[in-house]
Amino acid sequence: MLLIEEKYKPVAELLLSSGSCPRCVLRLCCVGSSAPYRLPYKELADELWKFLASDGDISPPSKKVRLEDSDGCRTESQISKNVEDIDVSEAPQTCNLCLGILQHHCSTAFVRKIFHKVQSAGYEFQDFVFPVSLPAQLLVREHSAWLQAQQEMRKNGHLLEKADIIQLKEAYKWIIHPMISEELGVKAVSKSLFEVGVVFCHQDTDEDCHFLATVCKDCFKPAKNKHSVFTRMAVVKALDKITDNDFCIHFPWPPSSPKTTCQVVDIQCNHASVFVAGRYNKYSRTLPQTPWVIDGERKMESSVEELITEQLIAVFKADSFNFSSSGREDVDVRTLGRGRPFAIELVNPHRIQVTEQDMKDLQQKINHCDKIKVRDFQIVSREAVAHMKEGEEVKTKCYSALIWTEKSIEKEDLELLNDMKELKIIQKTPLRVLHRRPLASRSRTIHTMKTEYMDEHHFRLYLKTQAGTYIKEFAHGDFGRTVPNIGSMMKTTADIQELDVESVDVDWPPALED
Ligand code: ZN
C-alpha cells in the first residue's frame with residue numbers, strides 16, 4: 001500500500017524519529033506514485049508505523065520522537081507512546097522538512113480558502129495552472145535530509161541519488177491538484193491561460209540559508225528586483241557547490257522543528273492577456289492617437305486609444321491595456337481609406353468568452369462616435385500581433401496633402417513633380433520631434449507623386465512613400481533639414497495646410513465582412 005521498498009526502512013525510521021512528517025518520509029524513500037501521498041494523514045501515519053514494525057525488530061508502540069520540552073528547547077528523548085496516542089490528524093507537530101506544506105496546506109479547509117479566493121475574483125476559465133512559490137530554506141532542509149538518508153543507505157551498500165527523491169513541489173501537486181480540481185470543477189493542468197498562484201513563506205526559519213552566503217559567497221549577488229539574495233536559484237547553486245562536510249558542520253542534522261507552519265503570503269489569480277486587433281479611421285484634426293499630456297496637463301479631451309479601449313476594457317473586464325499601431329499620425333492628420341492597423345493587449349482579462357457577434361456589437365458601439373471608425377475588429381493571437389510590426393520600414397504609405405506656395409503655381413512646376421519617381425530624400429530628425437528622438441539623418445524614398453491644381457497658391461499632392469517619411473517636413477523643408485523638399489524643387493517657399501493618410505499598406509489584420 002505504501003509502496004516503500006524494504007531497503008528504505010532505515011531512512012523511514014530515521015526521519016520519523018527526527019521530526020519529519022509521513023509524507024516527507026515517502027518522498028525521501030523515493031515513493032514515485034501519488035496514491036500513498038493522498039492517504040489521509042492519520043491513515044498514512046498508521047501505515048508507516050506498521051511498515052516499520054513489520055520485520056519484528058521494532059515495536060510500534062515505542063518510538064524515539066523529537067519533542068519540544070516545556071522551555072522550548074529541543075530535546076531528544078526516548079518516550080513510549082501508543083500508536084493511537086499519536087493523533088497526528090488533529091494537530092501534527094510541524095514537519096522539519098516541509099514546514100507544514102504537506103500537512104496543513106493539503107487540508108480541505110485550505111482548498112476551500114483557495115476556492116473562495118478564485119470565485120470572488122470572478123474569472124472565466126476552462127482549466128488552470130497552480131504554481132507554488134516555496135521558501136528557499138526548504139531546499140536546505142531537504143539537502144540535509146538527503147545527506148542523512150544517503151548515509152543511512154550506504155550502511156547497507158545502497159545508493160541514494162538526490163534526483164531519486166521526490167521533490168516537495170511534485171508531492172504537493174499530487175495531493176493538492178485533485179482536491180482543487182474537484183472544488184473548482186475544472187482540471188489543474190501543466191499549461192493554461194489561467195493561473196492560481198500561491199506564495200508561501202516561513203519567517204522563523206528564514207535564517208536557515210544564511211550560512212550558505214559565508215561558504216559560497218559568489219552564489220549570492222544582490223539583484224535589483226529581488227528583495228533577498230537568497231533566491232531558490234542561488235540556494236540550488238550553493239547547495240550544488242558546498243561540500244557535504246561543510247554543509248553538515250554549518251547545518252547539523254536534524255533540522256529544527258519549528259512551532260509554526262508556513263504562512264500563505266498570497267493567493268493570486270491571473271489570466272493571460274487577450275489580444276484584439278483592427279483598423280481605425282480618424283476623421284478629426286483635433287484628436288491625438290494617444291492621450292496628450294504635457295507636464296501633467298491634458299491637452300486634448302480624448303484620443304483614438306481611449307475611444308477604442310474604454311468599451312473593450314469594460315467587456316473583457318481587464319485590469320489594463322497596451323495599445324500599439326502600425327505607425328501613428330499627428331493630432332491634426334486624418335487617417336482615411338481602409339484605416340491604420342492597431343492591436344490592443346488586454347491585461348489580466350476576467351471575461352474571455354467573447355463571441356464574434358460580441359465583437360461586432362462592440363465595433364458598432366465604438367463607431368457611434370463621429371471622430372473615429374473601427375473595422376476588422378477581432379481577437380487575434382499574441383504571435384499574430386508581431387505581423388503588424390514586421391517590416392514596418394519597407395511598407396509603403398499613401399498620403400494626400402494640401403500645399404500652399406508663395407509664388408503662383410505654374411503648369412511646369414506640377415509636371416516636374418508628377419514626373420518624379422523613386423525620389424531619394426535625406427531627413428534630419430524634425431525640429432518638432434527633437435525633444436523625444438535623437439538627432440539623426442536618414443534616407444527615405446518618395447515612390448510617386450501626383451498633383452491636382454486648386455488655385456494660384458494651392459495644389460493637392462498625392463504621395464506614395466516609404467513608411468517613416470516625415471511628410472510635413474518634405475513639404476516645407478524644415479529650415480533645410482529635409483533635402484530636397486517641395487519648396488526647394490519649386491524654387492519657392494511652400495507649406496502644408498492639411499494632411500491625410502490615405503492608406504497604410506499593411507495587410508493585417510485579416511479583413512472581415514461588414
Ligand atoms: Zn513534511
Side-chain angles (χ1 to χ4, degrees), residues 2-4 8 11-49 51-52 63-68 74 86-111 132-150 152 160 162 164-177 179 198 200-206 208-209 232 235 251 253-264:
L2 286 182
L3 308 173
I4 302 182
Y8 291 108
V11 174
E13 167 80 12
L14 168 86
L15 295 177
L16 265 190
S17 63
S18 310
S20 309
C21 77
R23 286 179 177 135
C24 282
V25 172
L26 294 180
R27 292 198 302 119
L28 272 292
C29 292
C30 309
V31 174
S33 156
S34 61
Y37 294 87
R38 293 199 197 122
L39 285 175
Y41 201 90
K42 174 88 165 66
E43 202 177 309
L44 174 59
D46 291 350
E47 289 280 339
L48 262 180
W49 290 124
F51 168 70
L52 291 178
K63 286 281 136 219
K64 198 183 176 194
V65 287
R66 287 181 59 78
L67 286 185
E68 302 274 326
R74 288 188 305 276
I86 310 168
D87 193 0
V88 278
S89 66
E90 289 289 307
Q93 182 191 357
T94 301
C95 169
N96 62 354
L97 294 188
C98 66
L99 300 175
I101 300 279
L102 298 184
Q103 301 171 300
H104 308 276
H105 297 298
C106 297
S107 65
T108 40
F110 181 61
V111 168
V132 174
S133 163
L134 300 173
Q137 59 266 37
L138 287 168
L139 295 166
V140 176
R141 289 172 171 257
E142 187 159 293
H143 191 75
S144 174
W146 168 63
L147 286 178
Q148 211 61 33
Q150 193 186 41
E152 213 58 41
L160 179 62
K162 199 169 184 182
D164 294 336
I165 64 178
I166 306 300
Q167 300 258 315
L168 175 53
K169 263 193 191 177
E170 192 69 8
Y172 187 52
K173 199 175 88 182
W174 287 341
I175 304 165
I176 198 105
H177 274 194
M179 294 173 80
V198 180
F200 290 107
C201 80
H202 194 261
Q203 275 177 350
D204 297 352
T205 58
D206 264 348
D208 282 0
C209 300
R232 282 182 73 85
V235 170
F251 199 80
W253 175 262
S256 63
S257 293
K259 290 211 170 102
T260 56
T261 68
C262 276
Q263 295 287 304
V264 178

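Indexing begins at 1, ligand by ligand and atom by atom, following the structure's order.
Residues satisfying the salt bridge (Lys or Arg N to Asp or Glu O under 4.0 Å) test with E170, not counting sequence neighbours, are K173.
Residue pairs satisfying the salt bridge (Lys or Arg N to Asp or Glu O under 4.0 Å) criterion with at least one member in residues 95-110, sequence neighbours excluded, are absent.
A 6.0 Å sphere centred on CD of E43 holds more than 12 heavy atoms belonging to other residues, nucleotides or ligands.
With hydrogens and angles ignored, the 3.5 Å screen pairs a side-chain donor or acceptor of Q137 with a backbone N or O of H202. The main-chain N or O of C95 is found under 3.5 Å from a side-chain atom of Q103 such that the two form a donor-acceptor pair.
Around the Zn ion (ligand 1), protein N, O or S atoms at less than 2.8 Å number 4.
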Can you list, pair by pair, the side-chain donor-acceptor contacts under 3.5 Å of residues 141-150, counting residues two or more places apart and other chains?
from: R141; atom 1: NE; to: D208; atom 2: OD2; distance (Å): 2.6
from: R141; atom 1: NH1; to: N96; atom 2: O; distance (Å): 2.9
from: R141; atom 1: NH1; to: S256; atom 2: O; distance (Å): 2.8
from: R141; atom 1: NH2; to: D208; atom 2: OD2; distance (Å): 3.2
from: R141; atom 1: NH2; to: S256; atom 2: OG; distance (Å): 2.9
from: E142; atom 1: OE1; to: R27; atom 2: NH1; distance (Å): 2.5
from: E142; atom 1: OE1; to: R27; atom 2: NH2; distance (Å): 3.2
from: H143; atom 1: ND1; to: K162; atom 2: NZ; distance (Å): 2.7
from: W146; atom 1: NE1; to: L160; atom 2: O; distance (Å): 2.9
from: Q150; atom 1: NE2; to: L160; atom 2: O; distance (Å): 3.4

